[in-house]
There are 2 protein chains.
Amino acid sequence: MPKQPSTVAPKVSTEELILEAAQQVFLEKGMSGARMQEIADRAGINKALLHYYFRSKEQLFKLIVGRAVGTLLPRMLALLESDLELFEKIRRVVREYITFVSANSFLPLFVVNEINRNPEFFFKSITRKEKPRLDAFHRQVAEAVAEGRIRPMASTELLMNMMSMAVFPFMGKPIFQAVLALSEADFQVEMERRRTEVAEFVIRAIQA
Amino acid sequence: MPKQPSTVAPKVSTEELILEAAQQVFLEKGMSGARMQEIADRAGINKALLHYYFRSKEQLFKLIVGRAVGTLLPRMLALLESDLELFEKIRRVVREYITFVSANSFLPLFVVNEINRNPEFFFKSITRKEKPRLDAFHRQVAEAVAEGRIRPMASTELLMNMMSMAVFPFMGKPIFQAVLALSEADFQVEMERRRTEVAEFVIRAIQA
DNA sequence: TAATGGATTAACCGTTTGGTTAACTTCTGA
DNA sequence: TCAGAAGTTAACCAAACGGTTAATCCATTA
């Protein structure tokens, strides 16, 4: 038998331990700031064992980046391409994205950083699978404009606005906290409110 | 005489050369990714001379961060605290911010990174000068709400939305380019449009 | 139970990196 | 004109770092 989960120790595999530790360290410090020794320490293993499982720092890093991008982008694209009614879609997209980012607040900055630092790698890794065409979303917006349900507006602009308002406050959290004098609790309350308010803000801005 | 600008060589001071080179390298690679040797090379000088002017990498880095934060934040706060009429203020803030970030597109990501990596240092460095109270802006929004000129809306939310839409598209540029299939020229056209459109988007969303 | 192969470790290695030293050059002012 | 200060350099150093080696541990199985 390949696994015999003891009743006392949950016994997480060493590989998972490493990946978890690597994710922590890379998200906190970035590629160049991360240290293989620290990853080993947090995983509770030897540094040599790290190279035994993942040949090099770069390989391990690319794996973590792939995981991070893979949990952020598909989530967004799938909802945008669903066949929900436009306003309902806006509400769902904003709500789900803010909820997810709330629980993974270091992820967006990490992903944005790495994609800016190494765009070619990113381009390849997403076009390798299916090219993320937002045809349905573009069409949906164009139709809503044509039917006069919303004001003339490019779907690209709409998308940028939604995503910006959903994600950026988490990246700029310390800045907003300082400038707006928000405590930790204040900030969380604010983000909780945005979960619904951002969508309504967008809808008011676009409806005819 | 302290300076005798030759007619042939403009003769930039070594210190400025270093700061310029350091800014380039730090913005591109971050603190841990930057190399003192590369900064020296780009400044066209010896590495020892770098330490002669700026004792350590950390000191040089803090200087660059200070300069970066100092060119981003005051610009925003001053306009927000000016006594322009609210809608006009929104138009001006968005326009000026997008224009500035267009010309310094690496700066926001750098600043956001560093502030997240080292929030205490940032908090100190801005509260040391005058504390950035946005009293005028908060009051202005509250009044506009009371007078029924705009819908009930917290000024914090309004500020976050404006700033997010102005800044984030530049940080997420490669992502948006990939997902929306935008060429370099397409992207620039889009940003040019946003220079005015974002403000109108905000105004439509908030007006009663 | 002995052999096999994967898992794990301590010790080590070569390179890179931030920083220093000591000497040399250039500038400045008395 | 010349002495001292400021500017600049090549060579060097110790620490940190990613990565390797060779030996040991340990579970499986024949």
Side-chain angles (χ1 to χ4, degrees), chain A residues 1-66 114 117-118 121, chain B residues 1-66 114 117-118 121:
Chain A
M1 53 198 101
K3 271 279 169 61
Q4 188 196 2
S6 152
T7 47
V8 276
K11 189 56 181 175
V12 174
S13 82
T14 304
E15 194 169 326
E16 287 176 62
L17 273 177
I18 294 178
L19 284 173
E20 183 56 39
Q23 170 141 329
Q24 279 181 30
V25 176
F26 279 134
L27 287 224
E28 278 175 31
K29 321 229 166 144
M31 164 68 170
S32 52
R35 300 287 162 245
M36 293 298 267
Q37 186 60 61
E38 185 175 355
I39 295 175
D41 289 346
R42 289 211 205 178
I45 57 156
N46 189 283
K47 195 175 51 142
L49 196 55
L50 213 54
H51 288 90
Y52 175 77
Y53 278 94
F54 305 93
R55 217 173 302 281
S56 69
K57 184 184 183 182
E58 190 175 331
Q59 187 184 112
L60 182 54
F61 182 68
K62 284 189 175 175
L63 234 124
I64 299 297
V65 171
E114 186 43 35
R117 204 87 76 190
N118 204 338
F121 173 69
Chain B
M1 49 195 105
K3 271 277 169 62
Q4 187 196 3
S6 153
T7 47
V8 276
K11 190 56 182 174
V12 174
S13 81
T14 304
E15 193 168 327
E16 288 174 63
L17 274 176
I18 294 177
L19 285 173
E20 183 55 40
Q23 170 141 330
Q24 279 181 30
V25 177
F26 279 133
L27 287 226
E28 279 175 31
K29 321 234 167 139
M31 164 67 169
S32 51
R35 299 288 162 245
M36 293 298 267
Q37 186 60 60
E38 186 176 354
I39 294 176
D41 290 346
R42 289 210 205 180
I45 55 155
N46 190 285
K47 197 176 51 145
L49 196 55
L50 213 53
H51 288 90
Y52 175 77
Y53 278 94
F54 304 93
R55 217 171 301 283
S56 70
K57 184 183 183 183
E58 190 176 331
Q59 187 183 112
L60 181 55
F61 182 69
K62 284 188 176 176
L63 233 123
I64 299 297
V65 172
E114 186 43 34
R117 205 88 74 193
N118 204 338
F121 173 68

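Within every chain, numbering begins at 1; the chains are lettered A, B, ... in the order of the sequence lines, protein sequences first and strands thereafter. When reading the values below, keep in mind they use all heavy atoms of this one structure, side chains included, and skip hydrogens, waters and symmetry mates.
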Inset, instruction - Determine whether A:Lys57 and A:Met31 make a side-chain contact, defined as any pair of heavy atoms from C-beta on separated by less than 4.5 Å. - result: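 Touching, per the 4.5 Å side-chain cut-off.
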Inset, instruction - Give a yes or no on whether the backbone of A:Arg35 and the side-chain of A:Lys29 come within a donor-acceptor separation of less than 3.5 Å. - result: no
Distance, rounded to the nearest Å, where [X] contributes [atom1] and [N] contributes [atom2]:
| X | N | atom1 | atom2 | result |
| --- | --- | --- | --- | --- |
| A:Phe61 | D:dG18 | CZ | C1' | 16 Å |
| B:Arg55 | C:dG19 | CZ | P | 11 Å |
| B:Glu15 | D:dT8 | CD | C1' | 15 Å |
| B:Ile18 | D:dT8 | CD1 | C1' | 11 Å |
| B:Leu49 | C:dT26 | CG | C1' | 13 Å |
| B:Leu17 | D:dT8 | CG | C1' | 14 Å |
| B:Leu50 | D:dG7 | CG | C1' | 14 Å |
| A:Lys57 | C:dT15 | NZ | P | 19 Å |

Inset, instruction - Tell me which of A:Ala48 and A:Tyr52 sits closer to the 5' end of DNA chain C, going by the nucleotide each one is nearest to. - result: A:Tyr52
Legend entry - Sequence-distant partners of B:Tyr52, side-chain contact (heavy atoms from CB on, under 4.5 Å), two or more places apart: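 Residues passing side-chain contact (heavy atoms from CB on, under 4.5 Å) with B:Tyr52: B:Leu49.
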Inset, instruction - Please report the shortest heavy-atom distance between A:Gln59 and A:Phe54, naming the atom on each side. - result: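 Scanning both residues, the minimum pair turns out to be OE1-CA, 4.2 Å.
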Measuring from [X]:[atom1] to [Y]:[atom2], what's the distance to the nearest 0.5 Å?
| X | Y | atom1 | atom2 | result |
| --- | --- | --- | --- | --- |
| B:Thr14 | B:Leu50 | OG1 | CG | 11.0 Å |
| B:Tyr53 | B:Ile45 | OH | CD1 | 8.0 Å |
| B:Leu60 | B:Met36 | CG | CE | 5.5 Å |

Legend entry - DNA chain C-proximal residues of residues 26-47 of chain A, any heavy atom under 4.0 Å: A:Ile45, A:Asn46
Legend entry - Helix axis bend for the helix from C:dT1-D:dA30 to C:dA30-D:dT1 - C1'-based end axes, five pairs, 10° rounding: 10°
Inset, instruction - Mind running side chain to side chain donor-acceptor pair (under 3.5 Å) on B:Glu16 and B:Ser13 for me, showing each step along the way? - result: CA-CA 5 Å; B:Glu16 288 174 63; B:Ser13 81; 3.3 Å; yes
Inset, instruction - For atom CD of A:Glu58, decide whether the heavy atoms of other residues, nucleotides or ligands shown that lie under 6.0 angstrom number more than 12. - result: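 Not buried by this count: 12 neighbours or fewer within 6.0 Å.
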Legend entry - Under-4.0 Å side-chain N/O to phosphate OP1/OP2 contact, B:Tyr53 with D:dT8: yes
Legend entry - Below 4.0 Å: OP1/OP2 of D:dG7 and any side-chain N or O of B:Thr14: no
